[in-house]
Amino acid sequence: MRFINRSQYFSPEELKEGGIVAYFSMEIAVIPEIPTYSGGLGVLAGDTLRAAADMGLPLAAVTLAHRKGYFRQHLDANGNQTEEPQLWSPEKTLMAEEPVVTVTVEGRPVALRAWRYEMEGVTGHRIPICFLDADLEQNDPADRALTDYLYGGDTNYRLRQEAILGIGGARMLRALGYKPSVYHMNEGHAALLAIPVLEQELHGAGLQTATERNLEAVRRRCVFTTHTPVPAGHDRFSGEQAYRILGAERAGVLERFGCFHDGLLNLTYVALRFSRFVNGVAMQHGKVSRQMFPEYTIDAITNGVHAGTWTASAVQAVFDKHLPRWRQDNVTLRYAIDIPENEIVEAHAASKAALLAEVKRASGVEMRPEVFTLGFARRAATYKRADLLFTDPERLLRMAEQQGGMQILYAGKAHPADEPGKAKIRRVIELSHELSESALQIVYLENYEWRLGALLTGGVDLWLNTPRRPYEASGTSGMKAALNGVPSLSILDGWWIEGWIEGVTGWAIEDHDDEPGEANSLYEHLEQTILPLYYRDQGQWRRIMRSTIALNGSFFNTQRMLEQYVINAYFPERRVEKAGEPAEAEVENTVAH
Ligand SMILES: *Cc1c(COP(=O)(O)O)cnc(C)c1O
């Protein structure tokens, strides 16, 4: 496979020459100090950019400043969640860009500026991330708040934000001098970038003059990744909202090009109509998406996580010793199959100690390092079924008593408007009070964010995932666990269909149409296989830890994922395009990989 030279350094100036990938995402987990992400989508975006920086991919990213951040979660003793904004200051953290661009939203001009973060990869290559900010004096006071809240406000607020991200973002990149050859919409939120790209194709002629040929020209430049496995998850707006907020010209062209369904503007259809390559985020999710949108060709590229970010420091030291090139070349992790097992076990013990110290600090509960510890942390969306494990509390308690003890760690935020999600948190916390005794300890940790996520996925002995099928498009936290030698016990949905090898990388909860059936399979695996192995066959347990790293760490990473995007989506012609240079000249910039 021919590929860009990973050591090639692109300065911000060089990036402006053209041929870059422009990556748009409503949320990006850039660094823990910038609280502008809510969960998996943002972490995936951040991990994608970290991999792009490592690989030296010519890429620039766009997101919103979200000055009020995503919220900090507080939980009282009864498990009631309250939320507090996490203000942050782009002024103190990022570099100011000069250009100001304007987008007309609901008939008013909204001026936008941008703040730059430069993400640096393992070889020193940097990629710019542009945070759009509407908090400018010249804007109407209501418009100044448009880049404040991630997933806040009503659907009017959401559509205005999406106009800013897509239309403002594409304009800002051009104002900064970038000439993208590929635009990547990370989820439908970014789909409105199709409008400025179409405008560019029209060279000043009005949008109402756009033809199928112009649409085709836009399609050649756009790539869309969908993350949503159910119709209700896709952003939809009434025709009235679309015409009022986007204006008659833009809404009209979207309607004419088939982006309205049942009278509603559906941003997923915008993205589908305007993209030449569309993918789901796991093989199964590709299938589900093809059923949902049968008139489109939909591929699949399975998600990953950034290996250097999600591997705990003690495990990193083991990889550095045995697989010195692993950070530049994640495939090398396949050779973890040769690492002495005791080194992995010792490194994991250090991660577990760090996690248990945090549990003590945060909750006062002293957990024991020798006791089997199970982790469950993710957004408290109802489909994730945080309480499936508690379907039969007596059985759980009994197995803990009989087998040698069990410790269970939970974490996760519910969206502020998600009352059923909040009820799940309350239920888990209630049960943790009722059930906790010497053989079974349960703790729900407050404010799940990525540092806590890293401690949990690195430090527990088993990672549990119990989504209702087919709602888990991919899931990524189990991939973080795998990098740390932590096997999964999971419903066969999303990435786990591909990552699961029974007894080698973890265990599958069998498919049942009813929850009691699934819960029973979960319990049987714990009682009959997992707890007995952990307490009475350490040799086999160690082999499972090691094969989990070798088989799943080496594949479910964003480096492999991004290489697939490069080959299949960004540059299917298999060469790097740089504006103004003939293809032959590019051959010298490529290496066999
Ligand atoms: C990895 C991660 C997620 C996504 O995990 P899922 O398994 O997809 O639910 C969400 N939030 C945080 C803080 C994470 O680190």
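Every number for a ligand or one of its atoms is a count from 1 in the order of the listing. FYI, the numbering just counts along the sequence from 1.
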Output the list of atoms in ligand 1 that are nearer than 4.0 Å to some heavy atom of Gly475, sorted by atom number.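 Listed by number with element: 7 (O), 8 (O).
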
May I ask you to list the atoms of ligand 1 that are less than 4.0 angstrom from any heavy atom of Trp450?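 Counting from 1, the qualifying ligand atoms are 13 (C).
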
In the protein, which heavy atom is nearest to [atom], and how far is it?
atom                    : answer
atom 9 (O) of ligand 1  : Lys384 NZ, 2.9 Å
atom 15 (O) of ligand 1 : Lys480 NZ, 2.6 Å
atom 8 (O) of ligand 1  : Thr476 N, 3.1 Å
atom 7 (O) of ligand 1  : Ser477 OG, 2.5 Å
atom 10 (C) of ligand 1 : Gly40 N, 3.5 Å
atom 13 (C) of ligand 1 : Glu449 C, 3.5 Å

Can you label the angle between the Tyr296 ring and the Tyr269 ring as parallel, tilted or perpendicular, going by 30° and 60°?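 Tyr296 and Tyr269: tilted rings.
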
Can you confirm, on distance only, whether ligand 1 has an N/O atom lying under 3.5 Å from any N/O atom belonging to Arg379?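 Min N/O separation from ligand 1 is not below 3.5 Å for Arg379.
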
Is [Y] paired with [X] through a side-chain N to carboxylate O contact shorter than 4.0 Å?
X      : Y      : value
Arg327 : Asp54  : no
Glu419 : Arg426 : no
Lys384 : Glu472 : yes

Checking Glu449 against Tyr70 for the side chain to side chain donor-acceptor pair (under 3.5 Å) test, could you report, in this order, the C-alpha distance in whole Å, the side-chain angles of both residues, the deciding distance, and whether it holds? CA-CA 10 Å; Glu449 41 72 53; Tyr70 199 63; over 6 Å; no

Tyr37, Tyr448, Trp495, Trp463: member with heavy atom nearest to atom 11 (N) of ligand 1: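 Of the listed residues, Tyr448 has the closest heavy atom.
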
Centre of Tyr383's six-membered ring, under 6.0 Å away, within 45 degrees of the axis: is that where NZ or CZ of Arg468 sits?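 No - Arg468 does not lie over the ring of Tyr383 by the 6.0 Å and 45° rule.
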
Kindly say whether the aromatic ring centers of Phe277 and Tyr570 come within a distance under 6.0 Å.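 No: the rings miss the under 6.0 Å criterion.
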
Using heavy atoms and a 4.0 Å limit, tell me yes or no: is Gly453 in contact with ligand 1?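 Checking ligand 1 against Gly453, which is what was asked, there is no heavy-atom contact under 4.0 Å.
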
For Tyr70, which part has a heavy atom under 4.0 Å from ligand 1: side chain, backbone, both, or neither?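 Neither part.
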
With distance as the sole criterion, is a donor-acceptor pair present between the side chains of Thr225 and Asn279 under 3.5 Å?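 There is such a pair between these side chains.
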
